[in-house]
Each structure stands twice: as structure tokens, then as C-alpha cells.
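Written out below as C-alpha cells is the structure these notes cover.
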Amino acid sequence: MFRGVFRADTPVSMRCRYSIHWDFFLVKLTIERSFYKVLCMRNDANYRAVTRGHHTKNGVLSKWRPSRRAPLQHIPLYGYKVPAGFPSPADDYVEDRLDLNQLLVQNKAATFFLRVKGDSMINAGIHDSDIIVVDRSLEAVNRSVVVAVIDGDLTVKRLVLRNDVAELHAENPKYAPILCKEGQDLVIWGVVTSALHSVK
Amino acid sequence: MGRGHQCAALRKVVTALSTMPSTGILALVDVNNFYVSAERVFNPKLEDVPVVVLSNNDGCVVSRSAEVKALGVPMGGPWFKLKVLARKHGIIALSSNYALYADMSNRVMSVLGDFSPRQEIYSIDECFLDMTGMAGDLTQTGQAIRQRIKQWVGVPVCVGIAPTKTLAKLANHVAKKRLAYDGVCDFTAMSSRQLDEIIAGIEVGEVWGIGHKLNAQLQAGGIQTVKQLRDFDVARLRGHFGVVMERTVRELRGEPCIDTVDVAPAKQQIISSRSFGRYVTGLHELEEAVSAYMSRAAEKLRKQDSVAAMAYVYIRTNPHKDGEPQYSPGMMVGLPVATNDTCALVDAVLTGLRVIYREGYRYQKAGVMLSEITPAGIIQGDLFAAPLDLPKTKRLMSALDQINLKMGSGTLKLASNGTAQGWKMKNGNRSPAYTTQWNELPVAR
């Protein structure tokens, strides 16, 4: 188990994805060829060192910022030190139960659920009365499925960027694309990450 | 609403909400027209039109959009008096939706928590962030905060940055009122001449902690601007107004004096909190403590014949203990109906507590806060009933509290309270609980 505080000059490389839980998170790092999992608290010295340390290029952790995951209901405390390169498979069994939030919600504070009305996105697998998961922290790119504001209403469509002109396409031939005219602002409300469809 | 009086009475039970260091740089972040802004996120049709949110039972104006402020509609004004004006200008009035505001507040606070290792939540829509030692241009950080909250949560915020809390509040005021600042005002980046110029143009009544009465007294004494107050002889002010005023003036001079929030907030709140005699780890013990604090707060609420629509619960580990795992969460819970019923309030905070509680920490302190407080009279409007026998009601309620504490909350309830008072409430224009009820989700076509 790694104890103590990272100094800015500690040669550290981050091998695996870290996961973050509401107030603490797990960093998987390699320090001098040993593989460690380090539990960092939001407020403790490790966190500060990791998030604020000015690491050189060798030290990989520059500009590191934890992503935000939905908090788990149960927070597993893993075994810490693992032989280099081979995380213990037992670690995976510590977790209590799978939590759908973990799968569907990457950023709890910025994620909203919306109800879909209509069949305009049917070919994208989004049906009438489905629930969509919308993450406002994501940047919409070409071909993102987005929730946009049209005439004060929220609408779910596919964003298509053509020569700097934004269009909103339905995924249903019944509906014509919505084109953004000159000087008209297109407000993207959020980016759709999943659709929940009940089969009952 | 007797803020000063309430504050004095509370000072005994108000203990440290946080442990901000007494030197450094602070940012005060608050949401512009919070309730209206929260409504606009889910109903974009409300953008750019005059909107007000009314208190419980649609009694008074509790939040105004910029368009409404421009029409001169006062905060707290009774709605029935404004109906003519509203019709003329097409003001849209919404009933308050505290479930929504509580959720949006929790989102804003959690995003803001990422910007600083120390955060002190001061009310539903404002918090202090410790920016001490942050690298880079703080105005830029402020803009990043604004941008992120706007994008992630959807509401606009303003940021005031200064060495003391009183100055940070003032900087926030400047950021909000003067468009040139684009929502972020950093006093620490200004020369003293620039700062003098700014505060010479601000009325003394805008200073944190200076209410109507003090304002009038200061004005009468010839102190009209913030600059005049700051440069006035401290000893004379203390002799005249007491030590609280002295602290305010010292804070204006950049000397941090207000460690914890014990200044009466602009919006009325009741806080009840205490450090434990020993560390507490189990949920059950925390539940007991939180129930007890809330019963006490509810008693206070009834004593002043008011109801609250929002309850905040927090627990914290000991921040001064090195090497101890730290966890200090809090959660805002919106009541379906503003109430002073102990059972409903305790239920609300216990729900919140169970969400934020994590095993494996040694908790040192817990507390509750009631906000969005309005006179109970507005809710009941009991024209024909005899005036309430207050001591008797109080005895009844405290007996009730004790039984409920012993037997579990909700054991005894006033039948007259009913299970939901919804039927007597006027809240005809309440928006759906967009973020807290599966059957009320916002619709995308």
C-alpha cells in the first residue's frame, strides 16, 4: 500500500483508468515500476498533490483532473498493492452490487433524465415515451444525438454540422431536417448518452 | 421579519458551519434569480420574458427575473397587489417548486465543490470558495466557474473575489450590477484607487450585515457610501453600534474577522447544529442527533409562527485531525408543502441524511438548517378560528416531539395537519418536479 504524499518530483505514471466516487477515488499508478492503487480523499494531501502537482512530461500526471462519476451506493475498499502489471482478479469481486447509475451516469451533477414524445428519432433507437439520459457537460459534435431548444421547446434530434451550418435531423423519413437560419442561434441543451426503453 | 432578533436568539446554538482559514482569498458564488433561473432550464419559453416565483400559497414574490426587477416589482411584495401590473406587462407567475430548487441547488454546489478544496454553503444559492493559493488569473477562474455552471446545470451565476467575506459579498454585488464585469469581479486584482472608486459608488446598505435599520442610522449619521463607512473611525462606530459593526468595517478594510457565517443572511434561516462529545460512526446515532436538532429547529420555527419549505442537513468529520479520512457532505431537501410540522421536517432531513451517509468515517458534527421561511399565517389564513393559544400549542408540539423522538418519527401526528396539506394550498401554477419524479420528467419531442 502506498502511503504518504506524492511530491511534485515523484516519477509517477498513471497506467489504468482511475475511478472516482463522490468524495474519494482510486488512482492506479505506477511508481518506480511497482503498481499501486491509491485511495485519495477529495481533501487530502494525495488529492492535492495529484491534482495540483506540476509534473514533467515523464511524470505524466500534469493537468490531471478527476472525472466525476455518480457515487456508488457501496464503496469497495480494495486491496492496495498489486504485483506489477497484474491487478488481482479478486478485486473485481469486492464490489457489492452493480449500480445502473454507474453505467448510465458519468457526471451526476450535469445529468438529467427526459421523457421522449413522438417517433422522430425512431431509427436511432429512441421510441415514444422512452427516457433519455442527457449529459449537459459533454460537447456536442457532428452526429451527436442532442436535446436542443427550438422555439422554446426541448427537442431531441441528431446534430449535423455541414460547412459550419448546424442542422437538426430527425431519424425518421417522415420529418424534414430543421435548418438553422442565418443569425438564428441554436441552443444545445445537452447531449443524449442513452435511451431507456421499456419492453413491457 | 425580525431577522436581527432571530439571529441574536440563535447565536447560542449556531456553531461553526465551517473552518475557513482566516487569511487568504475567497470567492462568493451565487446564482442569479435562482428560482426563476431554475425554472428556465426546463422551460426555455420563460427566457427573456418577465417571470416571478411566488412563495407558498402564492402569497409573495420570492424570486424575480431581471425583466421584472426592471419593472420595479419589489422582493417580498404581496402578489395580489401586483396583479394589475402583471397583467399589463404580461408577467408570468409561477408557484414555488422547492423539490426542483433543492435538486438544482445540490447540483450547483457539487460542481462548485470541484473548484476548491474548501467550500462553505451559505444558503440555497450561494457559497464561499477558498481560492487561497490558486495559481493563475482568478478572474479567469471565475469565468470558468460561470461557464461550467451555465453549461452543466443551466443557471447563470456571478462571482465576487476578495480577501474577506464581506468584501467578497460586495464584489459579487458589483459583478451582478455592473455589466462591464461580465459576472466576475475580483477586488484582489484591483489597485486601491480603483477599489476606492468602486466602493464610493455603492450605498452603505448593500454591505453584508447592514439591514434597513442600521442603514437608516448610518445614513442619518452622514455615512452614505461603503467607502465612507470603511474609512470612518472604528472606535466611534464600535461605541455607537457595537462590535459587530466593528467587524464589518475591519472586513471592509481587508482584515478577515468573520470566520464562520454568523451574520444574519439576507434570507431568513434557522440553523441547529452541534459537535458531538465523541466521534460517531453509525447511521443510527446520526439519525438520532439529526432528529433532535431538527425538532429543536422546528420548535423555533413554530415559536415565530412560521413555516419552512426547505431543509438542509449536513454531517462532517473532524477537519483538524490530520490523516483522518475526511468526508463532509450536505444535502438540500425540498418539502412538498411549506410546513412547521416536526414530523415532516424530520422525515425530510432523515431522507437526506441516508443519501449522504457513508460508512467508514468518524463523524464529529451534524447539523440542520431550515430556509425559505415564511409566516405561517399566509398558509393557514384562518379567518374564523379563535387566535391560537400559543403556549398550549407549543406544549402540545413539544410533547409530540418527545413521543416521536422516543417512538420513531411519525408515531404521533396532528390529525389536523393531514398527510398532505396540498388541498388547502394555492399552488396552481407549479412546474413539474422535473428532476425528482419519474412521472414528471421534462419532455423532449
Sort [X] into side chain, backbone, both or neither according to what part of it lies under 4.5 angstrom from a heavy atom of chain B.
X: A:Asp151; answer: backbone
X: A:Val149; answer: side chain
X: A:Leu138; answer: backbone
X: A:Ser120; answer: side chain

Looking only at heavy atoms, the pair that brings A:Phe113 and B:Pro442 closest together is O-CD, 3.6 Å

Nearest heavy-atom pair of A:Gly152 and B:Pro44: which atoms, and what distance? O-CD, 3.5 Å

Donor-acceptor pair, distance only, cut-off 3.5 Å: does the side chain of [X] make one with the backbone of [Y]?
X: A:Lys108; Y: B:Arg107; result: no
X: A:Thr155; Y: B:Ala444; result: no
X: B:Gln151; Y: A:Arg136; result: yes
X: A:Trp189; Y: B:Val41; result: yes
X: A:Arg115; Y: B:Trp438; result: yes

Among A:Val187, A:Thr111, A:Val147, which residue has the highest count of heavy-atom pairs closer than 4.5 Å to chain B? A:Thr111

Would you call the rings of B:Phe42 and A:Phe112 parallel, tilted or perpendicular, taking 30° and 60° as the class edges? perpendicular

Atom group of B:Met104 that falls short of 4.5 Å from chain A, counting heavy atoms: side chain

Look at A:Asp153 together with B:Lys45 and state whether they make a salt bridge at an N to O cut-off of under 4.0 Å. yes

Check against side-chain contact (heavy atoms from CB on, under 4.5 Å), A:Ile131 and B:Leu441: CA-CA 9 Å; A:Ile131 289 171; B:Leu441 296 179; 3.8 Å; yes

